[in-house]
Amino acid sequence: MNALVTGGAGFIGSNLARELVNKGWNVSVIDSLITGYKKNLSDIADRITFHKGSVNQQAILEKAMRGVDYVFHLGALPSVPRSIEDPNSSHVNNVDGTFMVLLAAKNAGVKKVIYSASSSAYGDSTEPIKHEKLPAMPISPYGLMKYIGEEYCNNFSLVFGLPTVSLRYFNIFGPYQDPTSAYAAVVPKFITSALRGQPLVINGDGTIVRDFTYIDNVVEANINAALSGKAQGIYNVACGRTTSLNKLVEHLEKIFDQKLKVAHGPARPGDIQRSQAAIEKAKRDFGYEPKVGFSQGLEKTYNWYKNNLDYFKS
């Protein structure tokens with residue numbers, strides 16, 4: 001089978017590309033390397049076809065799309081704060097880019113597009129557990145942009161008969177996640193700060209809760225959704241359990257076997273207070289089962305950064 005992974009040099013994309021190659025797929029990657037790193041693919045570089053460029057560059061995208069069966073669309077400019085500071089660039093990459101991918105996939109006769117959506121589409125819903133039938137209520141430009149991508153996917157399925165699946169991710173973490181960016185996710189930022197003896201900076205009082213999801217679970221969800229004849233539409237991808245930032249610190253203190261320094265900063269605009277997923281729909285339609293729990297995933301992530309602390313500096 002032939003796959004194209006957009007954003008394949010990024011955190012999620014490189015982990016997905018690696019697993020696809022290991023499963024015997026023919027894999028092509030397109031990445032602008034704005035937020036991705038080509039070295040994330042160094043161990044499989046001789047087994048993939050790499051296209052340097054943006055999904056907004058039509059000629060490069062169409063070339064990468066030739067002969068492809070499945071498109072895994074992960075190319076995006078991530079981060080809620082980034083979308084607030086620079087909404088224009090985020091829109092071009094996250095909305096226009098998704099439209100370009102869908103159009104190219106339709107024209108190339110692709111079997112299915114798996115779109116990386118976001119739990120931020122739910123916004124600050126008062127429902128304690130987010131399920132796919134809830135209305136979208138994004139409270140950040142990023143959340144809105146990712147939701148628009150879902151609507152484009154649904155529309156291309158309805159109008160053009162292009163099968164699409166939108167996977168709403170909940171706080172993914174794991175190896176190859178860049179902790180050096182100003183928009184870095186909390187888990188890699190906390191782990192690398194602790195490894196360097198620096199304080200763990202919590203935005204707000206630390207009571208904010210997240211459904212932290214280890215990368216291997218997300219990779220499996222993408223592949224299962226692609227191959228399932230039943231999978232169509234929107235699905236949550238998470239563990240279905242929550243951990244507060246304060247509890248995250250406690251887990252890390254057990255791993256490090258010491259008390260960690262903690263500092264508090266102001267709460268960030270656009271941040272959602274509580275995020276927990278219902279994952280029954282994904283279980284039913286494509287057999288999704290989070291095999292790596294939060295604690296085990298945190299251990300795996302800690303071990304990777306311990307051995308690759310300066311990975312993103314070189």
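Everything quoted here is computed from the prediction, not taken from an experiment.
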Exercise. Can you name the residues that form a salt bridge (charged side-chain N to carboxylate O under 4.0 Å, His left out) with K23, not counting sequence neighbours?
Worked result: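 Scan of K23 (salt bridge (charged side-chain N to carboxylate O under 4.0 Å, His left out), adjacent residues dropped) gives E19.
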Problem set entry | All salt bridge (charged side-chain N to carboxylate O under 4.0 Å, His left out) counterparts of K291, not counting sequence neighbours |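 Salt bridge (charged side-chain N to carboxylate O under 4.0 Å, His left out) check on K291 returns E220.
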Ignoring hydrogens and angles, write down the donor-acceptor pairs under 3.5 Å from the side chains of residues 233-240, residues two or more places apart or on other chains.
{"from": "Y235", "atom 1": "OH", "to": "Q232", "atom 2": "N", "distance (Å)": "3.1"}
{"from": "Y235", "atom 1": "OH", "to": "Q232", "atom 2": "O", "distance (Å)": "3.3"}
{"from": "Y235", "atom 1": "OH", "to": "D285", "atom 2": "OD2", "distance (Å)": "2.7"}
{"from": "N236", "atom 1": "OD1", "to": "Y122", "atom 2": "OH", "distance (Å)": "2.7"}
{"from": "N236", "atom 1": "ND2", "to": "Y122", "atom 2": "OH", "distance (Å)": "3.4"}
{"from": "N236", "atom 1": "ND2", "to": "K130", "atom 2": "O", "distance (Å)": "2.8"}
{"from": "N236", "atom 1": "ND2", "to": "A278", "atom 2": "O", "distance (Å)": "2.9"}

Counterpart residues, side-chain contact (heavy atoms from CB on, under 4.5 Å), relative to [X] (two or more places apart):
X    : answer
N56  : S54, V92, N93, D96, M100
V21  : V27, I44, R47, I48
K261 : P199
L144 : P138, I148

Exercise. Apart from Y115 itself, what residues make up its hydrophobic cluster when side-chain heavy atoms of I, L, V, M, F, W and Y under 4.5 Å apart count as a link, directly or indirectly?
Worked result: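 Cluster partners of Y115: none, it stands alone.
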Problem set entry | ring-ring contact (aromatic ring centres under 6.0 Å, His included): pairs with one or both residues in residues 126-146, sequence neighbours excluded |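 Qualifying pairs: none.
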Problem set entry | Results of ring-ring contact (aromatic ring centres under 6.0 Å, His included) for F50 - residues two or more places apart only |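 Checked F50 against ring-ring contact (aromatic ring centres under 6.0 Å, His included); zero matches.
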For this session: State which residues pass ring-ring contact (aromatic ring centres under 6.0 Å, His included) with F294; sequence neighbours excluded, sorted by chain then number.
Result: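 By the ring-ring contact (aromatic ring centres under 6.0 Å, His included) rule, F294 matches F173, F212, H251.
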I'd like a table of donor-acceptor pairs (distance under 3.5 Å, sequence neighbours excluded) in which one partner is a side-chain atom from residues 62-73, with atom names and distances.
{"from": "E62", "atom 1": "OE2", "to": "Q58", "atom 2": "NE2", "distance (Å)": "2.8"}
{"from": "D69", "atom 1": "OD2", "to": "N2", "atom 2": "N", "distance (Å)": "2.9"}
{"from": "H73", "atom 1": "ND1", "to": "T6", "atom 2": "OG1", "distance (Å)": "2.6"}
{"from": "H73", "atom 1": "NE2", "to": "T98", "atom 2": "OG1", "distance (Å)": "3.1"}

